[in-house]
**Student:** 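First, the structure itself, so that you have it in front of you.
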Amino acid sequence: MQQTAVRAARDRTEDRSGARADRGEDDARFSAFVAARWSALVRTAYLLTGDFHEAEDLVQTTLAKAYPQWRRIRDDTVAGYMRQALVNNNRSRVRRRRVVQLLTPFLPDTSAPADADQEPDVLVAALAALPERQRAVVVLRYWEDLSVEQVAHELGCSTGTVKSQASRALARLRTDPNLAGQADDLLGAL
Amino acid sequence: MTDPLRSALADSANRRTPRPAPVVDILRAGRARRTRRRAGLAATAACAVAAAVAVPLTLPGPQVVQAAAGTGRATASSVPAPQTVVLGKGAAGGRTWWVLAVYYPVAPSGCSDLPGFPAEPALSDGPSSSGAARNKSGDATGAISTSGASGAVGTSGAGAPTAGKAQAKGYSAFTVGASTDGRTIAQLFECEANPSGWHPGSTGMYGDRGLDNAGSARVFTGQPAKSVVSATMTLSDGSTLTTRVALLPGSKAPAYAFVVPGNLQEKSLDEYNAQHHLVSHQNL
């Protein structure tokens, strides 16, 4: 009886230490992923948001949200998972900002650029003028180099929607005043 | 063709170098989020348990439950409490009606004298009983039930009967009543004693019954297929009533009820599954 109790206590201790070891392993795997993919994710987020600081915030929030799920994310799907999470969180961010703008419609934006290289890139400015979904399609299709099917999968829509959204996005970029004179060179026969 | 766009995007994205990855901050935020999430889940689970305990006590007819529970008589300490579920509700004749099903794990003595419900003679059949099912004795009392002892509203059959006509082995008791303002005033059909329990073949039982002598309201009850989760009834004036399917206590058999104003007729009945796909359509 006593031996059984001792064995059970030992098993519990081993379980606990095993779980702790698993958690440590997960943390190490997560930290390695963050360190390796941070720059790439921030760049993707920059194209999605049009602002570098917001991009860093977006990636940081997305990674923090992914952390509790980390154990369930398979290695072969982690890149897609993070891209999808980034797009979804950006969509939430846009919605939240829209609410803030509706609630405070008359407050002027008095913030000045913090440094010189914050001067907006014309292409990023043109992308920022696109609707959120069209922007996500352009970024995933032409920056992440995903196929139409992969983009459809990550955005949770049909391939036809991806094609039509891409077509509309490129049409809008062609006529965007920020890209005046460059649109034909950039977009060519797209 | 897309190369210029790709390279332009790459130029734009690579114009600035991101700060080093704030791994520690992310881990801290992630852990805090996980802790909040677990706390939220625990709180939700606690609320669900509390609600599961509280709901039977706060149903529209608390007197029914309490009265029924309080009539355990000599065997009160060992008899499981009756369970009540709301099959549907609606307004008619200037009153709000609830249709309740009360399941007795152990049949009380005298199925025709179930506690909390007045005696059957206090009521008469409603003015309209289109499709009203009739039990073995020919009385139009069974809104769901079709045939007395093997009625469609089944029970688990696992009850340990104590007295009365439900003393046969494996019998348990079940009744459906209507209530307004928390007081049960109509018994829709008497206690069913069903030894075989619910089975899929007992679905498809529909019928209606008057709720009061004035004919100001009727109750329409249905026992649909197991996949059905909601039902919509179209009335003669074009208005619709929608209700969710409830699982009858004891048997887990799906059932629902509509309260139909007395001056309107049922025109059609549509049943839907969880994906809101039409399962069945009946012209009544």
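Just so you know, these numbers come straight off a predicted model, no measurement behind them. Each chain gets a letter, A, B and so on, in the order its sequence line appears, and its residues count up from 1.
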**Student:** Side chain, backbone, both or neither: which part of A:Leu127 has an atom under 4.5 Å from a heavy atom of chain B?
**Tutor:**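 Contact with chain B involves the side chain of A:Leu127 alone.
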
**Student:** Considering only heavy atoms, which portion of A:Leu47 lies under 4.5 Å from any heavy atom of chain B: side chain, backbone, both, or neither?
**Tutor:**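 Just the side chain, heavy atoms under 4.5 Å.
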
**Student:** Looking at side-chain heavy atoms only, is the closest gap between A:Val59 and B:Ile26 below 4.5 Å?
**Tutor:**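 They are not in side-chain contact.
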
**Student:** CH2/A:Trp143 to CG/B:Leu9 distance, rounded to the nearest 0.5 angstrom?
**Tutor:**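 With rounding to 0.5 Å, CH2 (A:Trp143) is 7.5 Å from CG (B:Leu9).
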
**Student:** Testing the basics here: between B:Ser12 and A:Leu123, what is the closest heavy-atom pair and its distance to 0.1 Å?
**Tutor:**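 Between these two residues, the closest heavy atoms are OG-CB, 3.7 Å.
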
**Student:** Check B:Ala13 against A:Arg43 and note the closest heavy-atom contact, atom names and distance.
**Tutor:**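 The pair with the smallest heavy-atom distance is O-NE, 3.2 Å.
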
**Student:** Strictly distance-based, threshold 3.5 Å: is any side-chain N or O of A:Glu56 a donor or acceptor partner for the main-chain N or O of B:Arg19?
**Tutor:**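 Yes, because the side chain of A:Glu56 sits within donor-acceptor range (under 3.5 Å) of the backbone of B:Arg19.
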
**Student:** Are there residues of residues 233-242 of chain B whose heavy atoms fall under 4.5 Å of chain A's heavy atoms? If so, which?
**Tutor:**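 Counting heavy atoms that sit under 4.5 Å from chain A, no residue of residues 233-242 of chain B is involved.
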
**Student:** Chain A heavy atoms under 4.5 Å from B:Asp11: which part of the residue, side chain, backbone, both or neither?
**Tutor:**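 When you check distances to chain A, no heavy atom of B:Asp11 falls under 4.5 Å.
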
**Student:** Taking the side chain as everything from C-beta on, heavy atoms only, tell me whether B:Pro20 gets closer than 4.5 Å to A:Trp38.
**Tutor:**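 With C-beta onward as the side chain, the pair stays apart.
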
**Student:** Give every donor-acceptor pair under 3.5 Å between a side-chain atom in residues 28-41 of chain B and any protein atom, sequence neighbours left out.
**Tutor:**
residue : atom : partner : partner atom : Å
B:Arg31 : NE   : A:Tyr67 : OH           : 3.4
B:Arg31 : NH2  : A:Asp27 : OD2          : 2.6
B:Thr35 : OG1  : B:Arg31 : O            : 2.8

**Student:** Under 4.5 Å heavy-atom distance to chain B, tell me which part of A:Val42 shows up: side chain, backbone, both or neither.
**Tutor:**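 Interface part for A:Val42: side chain.
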
